[in-house]
Amino acid sequence: EMALWKDKSRRIIDHAGGIGTESIYLLEKGYCLDCTNEIDPYFSKIAEERAKQGGFRLNIAHYNWLEYHKHFRKKSFDAGINVGSNHGYFSTAEELGEALDNLCWVLSPGGVYVADTRNTEYIWHEREKILGGNFRYSANYVYCENGVVGIPVRISDGTYDMEYTDVTTGKKAHICNLGLTLGLQKDLEKRFEKVFLFSDFKPGYDSRADFFQFVCACRVQKTAVPVK
């Protein structure tokens with residue numbers, strides 16, 4: 001919330017709305033949330049129902065980041081949030097770069113982009129211990145808490161697979177991720193005027209963190225997204 005500079009008139013997009021947790025929070029705090037984007041209709045339905053229970057209405061879109069330039073006007077939003085370690089869900093680093101270009105496309109000059117990623121440096125360096133069953137995770141943060149347990153089950157040089165288990169139902173899901181921590185920071189620094197790094201919401205780099213957060217300040221728009 002501090003990254004939005006307490007200016008509640010700023011037009012905000014939640015790029016990965018999920019079940020609506022961050023979007024609903026911002027509405028509860030009085031922010032001007034223009035759009036909640038969630039490509040999965042199952043998640044967006046839950047988000048819509050949760051918002052309705054709280055007396056709010058979400059403006060939900062189902063757009064692929066790679067195609068934002070087809071659906072949004074340039075400089076449509078003053079701020080964008082993208083939490084949930086979503087940047088690793090692309091097939092290649094080039095595809096991620098194209099997505100970031102589109103995310104920049106919709107931000108106005110001086111806009112703010114808030115993003116995050118897992119601590120993949122730890123995953124690479126401690127792969128043998130992790131695959132042996134010793135995965136360090138504090139469960140202190142909103143991503144999984146204690147209801148869902150996530151552990152890496154495959155770790156290669158460029159990607160890793162997370163297995164998520166619902167503690168209540170026992171259901172499992174697997175997601176392949178790009179390894180991003182420092183690479184994502186460099187990609188963001190190419191596109192934004194300033195990038196501030198946080199470790200589990202504390203300023204600076206801490207190798208023991210579960211997650212890293214980035215608060216990015218948008219320069220005068222230079223990114224030209226080609227219309228395909």
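- Of all the heavy atoms in A61 and C35, the pair that sits closest is CB-SG, 3.8 Å.
- To the nearest 0.5 Å, the span separating CG on N102 from CG on N64 amounts to 8.5 Å.
- The backbone N or O of G88 lies less than 3.5 Å from no partner atom in the side chain of N177, so there is not a single donor-acceptor pair.
- A search for salt bridge (Lys or Arg N to Asp or Glu O under 4.0 Å) contacts involving R73 returns nothing, not counting sequence neighbours.
- Shortest non-hydrogen contact noted between L58 and A51 is CG-CB, 3.6 Å.
- Here the closest heavy-atom approach between residue H62 and residue P41 is recorded as CE1-CA, 4.3 Å.
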Test salt bridge (charged side-chain N to carboxylate O under 4.0 Å, His left out) applied to K202 and D200, step by step: CA-CA 6 Å; K202 297 178 181 179; D200 289 340; over 6 Å; no

Using side-chain contact (heavy atoms from CB on, under 4.5 Å), reason through L188 and Y113 one step at a time and then give a plain yes or no. CA-CA 10 Å; L188 293 171; Y113 180 65; 3.9 Å; yes

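- In this view, R127 and D157 satisfy the salt bridge (Lys or Arg N to Asp or Glu O under 4.0 Å) rule, not counting sequence neighbours.
- Residues that satisfy the side-chain contact (heavy atoms from CB on, under 4.5 Å) test with H125, not counting sequence neighbours, are E121.
- The shortest distance between side-chain heavy atoms of T117 and F211 does not fall below 4.5 Å.
- D101 is not listed as a side-chain neighbour of W65, based on a closest heavy-atom distance of 4.5 Å or more.
- Heavy-atom minimum distance, S199 versus A209: CB-CB, 3.7 Å.
- Counting heavy atoms from C-beta on, the side chains of N119 and R136 come closer than 4.5 Å.
- Heavy atoms only, all atoms of each residue included: T165 and G170 are closest at CG2-O, 4.1 Å.
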Audit row: R11, D78, salt bridge (charged side-chain N to carboxylate O under 4.0 Å, His left out) steps and yes/no: CA-CA 5 Å; R11 301 163 299 167; D78 301 312; 3.0 Å; yes

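- Taking the six-membered ring for Trp, F198 and F214 have ring centres at least 6.0 Å apart.
- Clustering ILVMFWY residues whenever any of their side-chain heavy atoms sit less than 4.5 angstrom apart, transitively, puts W105 in the very cluster that holds L66.
- In terms of the side chain to side chain donor-acceptor pair (under 3.5 Å) criterion, residue partners of E163 (sequence neighbours excluded) are, by chain and number, H174.
- Annotation: the span from Y31 atom OH to I81 atom CD1 amounts to 11.0 Å, rounded to 0.5 Å.
- N37 and H15 share no side-chain donor-acceptor pair at under 3.5 Å.
- Hydrophobic clustering, defined by side-chain heavy atoms of Ile, Leu, Val, Met, Phe, Trp and Tyr closer than 4.5 Å, leaves I39 isolated from every other such residue.
- Checked against a 6.0 Å centroid threshold, the rings of F77 and F72 count as neighbours.
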Working note: L184 + T120, criterion side-chain contact (heavy atoms from CB on, under 4.5 Å); need CA distance, chi angles, decisive distance, verdict. CA-CA 11 Å; L184 177 59; T120 54; over 6 Å; no

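- Under the side-chain contact (heavy atoms from CB on, under 4.5 Å) criterion, F43 pairs with I19, E38, D40, not counting sequence neighbours.
- Not a single donor-acceptor pair under 3.5 Å links the side chain of N134 to the backbone N or O of G132.
- Residues passing the side chain to side chain donor-acceptor pair (under 3.5 Å) test with E126: none are found, sequence neighbours excluded.
- In summary, the aromatic rings of F212 and Y205 are positioned with their centroids under 6.0 Å apart.
- Considering only heavy atoms from C-beta on, V195 stays 4.5 Å or farther from L197 through its side chain.
- The two residues L96 and H87 come nearest to each other via the heavy atoms CD1-O, 3.4 Å.
- For L131, the side-chain contact (heavy atoms from CB on, under 4.5 Å) criterion is met by I155, not counting sequence neighbours.
- With S156 contributing its side chain and T159 its backbone, the two residues share a donor-acceptor pair below 3.5 Å.
- Side chain to side chain, D210 and S138 meet the donor-acceptor criterion of an N or O pair below 3.5 Å.
- In terms of hydrophobic clustering, with Ile, Leu, Val, Met, Phe, Trp and Tyr side chains grouped at heavy-atom distances under 4.5 Å, Y164 and I46 are assigned to different clusters.
- Linking Ile, Leu, Val, Met, Phe, Trp and Tyr whenever their side-chain heavy atoms come within less than 4.5 Å puts Y63 and L103 in one cluster.
- A 4.5 Å side-chain heavy-atom check between L107 and K75 finds every atom pair outside the cut-off.
- Within the model, atoms CZ of F90 and CD of E98 stand 9.0 Å from one another, a figure rounded to the nearest 0.5 Å.
- Residues K29 and L26 are not in side-chain contact: their nearest non-hydrogen atoms beyond the backbone lie 4.5 Å or more apart.
- Residues meeting the side-chain contact (heavy atoms from CB on, under 4.5 Å) test with T168, sequence neighbours left out: D166.
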Could you walk me through whether I60 and E48 pass the side-chain contact (heavy atoms from CB on, under 4.5 Å) check? CA-CA 8 Å; I60 296 178; E48 198 168 24; 4.0 Å; yes

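- Looking only at side-chain heavy atoms (C-beta outward), D34 and I12 stay at 4.5 Å or farther from each other.
- Under the rule for a side chain to side chain donor-acceptor pair (under 3.5 Å), the partners of D161 that lie at least two apart in sequence or sit in another chain are R154.
- Applying the salt bridge (charged side-chain N to carboxylate O under 4.0 Å, His left out) rule to pairs touching residues 49-61 yields nothing, sequence neighbours excluded.
- Under the side chain to side chain donor-acceptor pair (under 3.5 Å) criterion, S23 pairs with D14, T36, sequence neighbours left out.
- Using a 4.5 Å heavy-atom cutoff, the side chains of K194 and C216 are not in contact.
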What's the verdict on side-chain contact (heavy atoms from CB on, under 4.5 Å) for K129 and F135, showing C-alpha distance, side-chain angles and the deciding distance? CA-CA 7 Å; K129 289 183 180 179; F135 178 52; over 6 Å; no

